[in-house]
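Quick notes on the structure that follows.
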Amino acid sequence: MAWLIAAAVVAAVVVALVRSRREVAGLQTRLAAASNALESLQHAFSRFAPAAVVEDIIERGVSTDSAKKEITVLFADLKGFTPLAERLDPDVLVRLLNGWVERMSRAVAEHHGHVSKLLGDGFLALFGALEANPWQTNDAVGAALAMRAALVDYDAALTQDGLPPLAMGIGIHRGTVVAGVIGTAELVEYGVIGSTVNLASRVEALTRTHGVDILVTESVQAVLDRRFTLRAMPATAVPGIPAPLATFAVEGFAPHQG
Amino acid sequence: MSVGASAAAMTEWAECLLPPAEMPPPLAKEIRGIIGRGPAFVPRLAHAPWVLRAVARHINGFLAYLPHALSDRIGLVVTQDNSCRYCYGMHRSLLRIAGHSEADVDRIVRDSMLVDLSPAERIAVDYARRLSRCTPRPDREDFEKLVAAGFDERAAVEVAADVAAGSFMNRIATLAALPPEPLEAVTGASYFGIIRPFLALGFHKRPPRPLPPPQPNDGPCARVVAALGDSPSAHLLRATIDGAFASPILPTRTKALVLAVVARALDCPYGEKEARALLGSEGFAAADVDHVLETLSSPRLDAREARLVPFARETVRYQTAVIQARMRDVSRELSPAEMTELIGTIALANAVCRLSVLLDAR
């Protein structure tokens, strides 16, 4: 009898051990998968906020890493989108808008910028905000030209599908911003604030006044690679700016010009 | 293959860019003398002997003051940060050979910034990661924190040397897309437990001793070499820089242009100054260099340089799949020797411009 009891106890212990080992192995696998997912997430977030900010948030839940930075701001907006929105089926409208955002974001990313904020039928893209970029202004204007070319292709595809072509305005300005994590615990984002951002938005609005698609300010023109061809626009009064604002339309890029 | 679970392990990895080369017997003998017969990368890097020598000497050890375990951890953190599949697999294999169980290795990899580290070591690992990223470059205060944490200044210098070497090795492996070493498969095999002690004996090396600083030290980037003091890493760096600029595969000015662009991208005035001196001796006026650095182009660049100069900036920070595709794209029309030398030059420029923080630190 004692034999039987001892054997039963040993068997129970063995079964318990095997089960617990399996459980531990299962937990380790899940932990590894979760850790991998977190690591991937951290890499992904690094495309939207500086690495130091991402780490602060992971480690402490908050980031106080705000700083003044000289960056280049690009504002893009679809022209005449509101009447279009009223005419089109909502599904078609969203598909059309998403197609535009996807193509434009790709052009921005390929030129070392990142889309910081979607604004309905427009967006704000930043160059030199996540990491120092000595070529930020050339990159921003290069991105704008790539966006122009991408829109031509997209419009051809839309027309083929019987949809109306899109038109956009782009405003680019270089200046100092305050960059940091803005918001509350419930809604937080890495963003930039300051008059530079407002001015880029005003410049985008001026594309309608001047009848062009890409406009840059003097601060961009001053440091821009001379191979970009610009045309001076008449200085124009804009709200919130004391003097008339000088801008330049971007016509293209002449790769062989020295 | 026992690569465990990590984003670095799951990194999309291209097919190797470099075919194996026929190795001249003297070079084969020289490399065997440094690292034995083992690694599969040897014939792939042999197209540019200075690159192969640099990698072999790197593997053979180059730190005299930094504890081996901490150096390994710094290497792992830099590798994870650069998502280098090849180096990650090697780090895992070496941890297994050193006697860590698969679960231990998973744990170390999962939390490489924290597991089994003292507070001082954490400061060193944090510094290493920040130097690897350079967003922005660590400054004098950051270096002083290392010393304040209890590191001998010479060990603190070797933290930076270790990061520079990791940055070099990661870029060689990533840009060339070196295939995983067969050693990885061995550490996952059923017989690994039996052969592990023998492998461990084979991999066990005495750390190199400090060496008098290299003499002469009058080639490019001499101040960075001098900043390494009597660390053996100074000899590795001097020999690598001299090998790079003595090699006839790519013109000196092409290599200097790569250094200049990487220096500008990493905000390294010292690297830029050295590159300007080299370009000056190649007949590039200061205004021409300014033009290249402002626009990443110039009528003075030949067709190959016109492709390589804008590419050089992309190698400072990158996503693996993107940079491997770009590398394949820019190396069209390059011979294997030119590709290998380009990869080595980019890796070296990234290493030197990170290591130059030592000049800011003193």
Q: Heavy atoms only: give me the nearest A/Asn138-B/Thr295 pair and the separation to one decimal.
A: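 Of all heavy-atom pairs spanning A/Asn138 and B/Thr295, the closest is ND2-CA, 4.2 Å.
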
Q: Please report the shortest heavy-atom distance between B/Ser297 and A/Arg227, naming the atom on each side.
A: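 Looking at all heavy atoms of both residues, the closest pair is OG-NH2, 2.6 Å.
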
Q | Rounded distance [0.5 Å steps], CD in B/Glu314 versus NE2 in A/His112 | A | 4.5 Å

Q.
Counting heavy-atom pairs under 4.5 Å with chain A, which one of B/Arg300, B/Glu294, B/Arg107 comes out on top?
A. B/Glu294

Q.
At a heavy-atom distance under 4.5 Å, which candidate from B/Leu296, B/Val322, B/Leu266 has the highest pair count against chain A?
A.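 Heavy-atom pairs under 4.5 Å are most numerous for B/Leu296.
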
Q: Go through the atoms of B/Leu293 and report whether side chain, backbone, both or neither lie under 4.5 Å from a heavy atom of chain A.
A: backbone

(Q) Treating A/Trp135 as the side-chain partner and B/Ala265 as the backbone partner, does any N or O pair qualify as donor plus acceptor under 3.5 Å? (A)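 Checked: no pair found.
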
